[in-house]
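Atoms considered below: every heavy atom in the structure, side chains included; atoms not considered: hydrogens, waters and symmetry mates. Being a predicted model, the structure only gives us computed values, none of them experimental.
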Amino acid sequence: DLFGDAHEAPASNERRHPVVTFRYGACKGKTSFEVGDKDLDWYLAGAVKAVNDPTKERYKSANQAELDALQAEAHYRNR
C-alpha cells in the first residue's frame, strides 16, 4: 500500500483508531499520531488522491483504510 501499515493503536494511547506509519515524504517512518497538523493534512490529501485514482484500483481497499485512519486522527485532533 502507498501510505503505510494501518494497525491498532497501543492500548495505553487514548486514541481508539488505527495508526498509519508513513513510508514516504518528510515524515517517513513517523506515525499519524506523531506528525503535526500541516503534515497530517498533506498526507490526507495524498490519501484522498490515491483512493480516487483509477490506476490504483488494485490498492483501493488498503488506501481507503488508511484514509479512514487519517480522517479519524484529524477528527480526534479537532474534537
Side-chain angles (χ1 to χ4, degrees):
D1 60 45
L2 183 61
F3 300 101
D5 296 320
H7 57 280
E8 290 302 314
S12 63
N13 193 309
E14 68 178 70
R15 292 169 171 91
R16 300 290 182 227
H17 56 270
V19 61
V20 174
T21 301
F22 300 112
R23 293 186 180 170
Y24 69 94
C27 297
K28 182 177 180 177
K30 292 185 179 180
T31 70
S32 51
F33 294 0
E34 298 173 304
V35 300
D37 292 345
K38 183 177 176 183
D39 290 319
L40 182 63
D41 289 344
W42 187 83
Y43 284 103
L44 264 166
V48 169
K49 185 177 176 184
V51 166
N52 293 322
D53 186 342
T55 67
K56 296 186 172 124
E57 187 65 32
R58 178 178 176 190
Y59 307 105
K60 187 166 185 156
S61 178
N63 289 336
Q64 184 64 56
E66 291 167 2
L67 174 58
D68 293 345
L70 295 174
Q71 288 174 328
E73 177 63 17
H75 177 74
Y76 172 84
R77 294 180 185 195
N78 294 314
R79 58 185 172 139

Q: Test of understanding: with side-chain hydrogen bond (donor to acceptor under 3.5 Å, both in side chains), list the residues that count as partners of Asp68, not counting sequence neighbours.
A: Gln64
Q: Check the orientation of Tyr43 and Phe22. Use parallel for under 30°, tilted for 30 to 60°, and perpendicular for over 60°.
A: parallel
Q: Which pair of non-hydrogen atoms, one from Gly29 and one from Glu34, has the smallest distance, and what is that distance?
A: O-OE1, 4.4 Å
Q: With distance as the sole test, does Ser32 use its side chain to make a donor-acceptor pair with the main-chain N or O of Leu70 at under 3.5 Å?
A: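 No, because the side chain of Ser32 does not come within donor-acceptor range (under 3.5 Å) of the backbone of Leu70.
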Q: For the NZ atom of Lys56 and the NZ atom of Lys49, what is their distance to the nearest 0.5 Å?
A: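 One gets 7.0 Å once the value is rounded to the nearest 0.5 Å.
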Q: Where do Leu40 and Arg77 land on the side chain to side chain contact (heavy atoms under 4.5 Å, CB included) test, with the steps shown first?
A: CA-CA 10 Å; Leu40 182 63; Arg77 294 180 185 195; 3.9 Å; yes
Q: Quick check: closest heavy atoms across Pro18 and Ala69, and the distance to 0.1 Å?
A: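 Result for this residue pair: O-CB, 3.7 Å.
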Q: Please examine the side chains of Thr31 and Val20, heavy atoms only from C-beta on, and report whether any two atoms are closer than 4.5 Å.
A: no
Q: Would you compute the distance between atom CD of Glu57 and atom CG of Asn52 and round it to the nearest 0.5 angstrom?
A: 10.5 Å
Q: I want to check something: taking the side chain as every heavy atom from C-beta on, are Val51 and Lys60 in contact at a cut-off of under 4.5 Å?
A: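 They are in side-chain contact.
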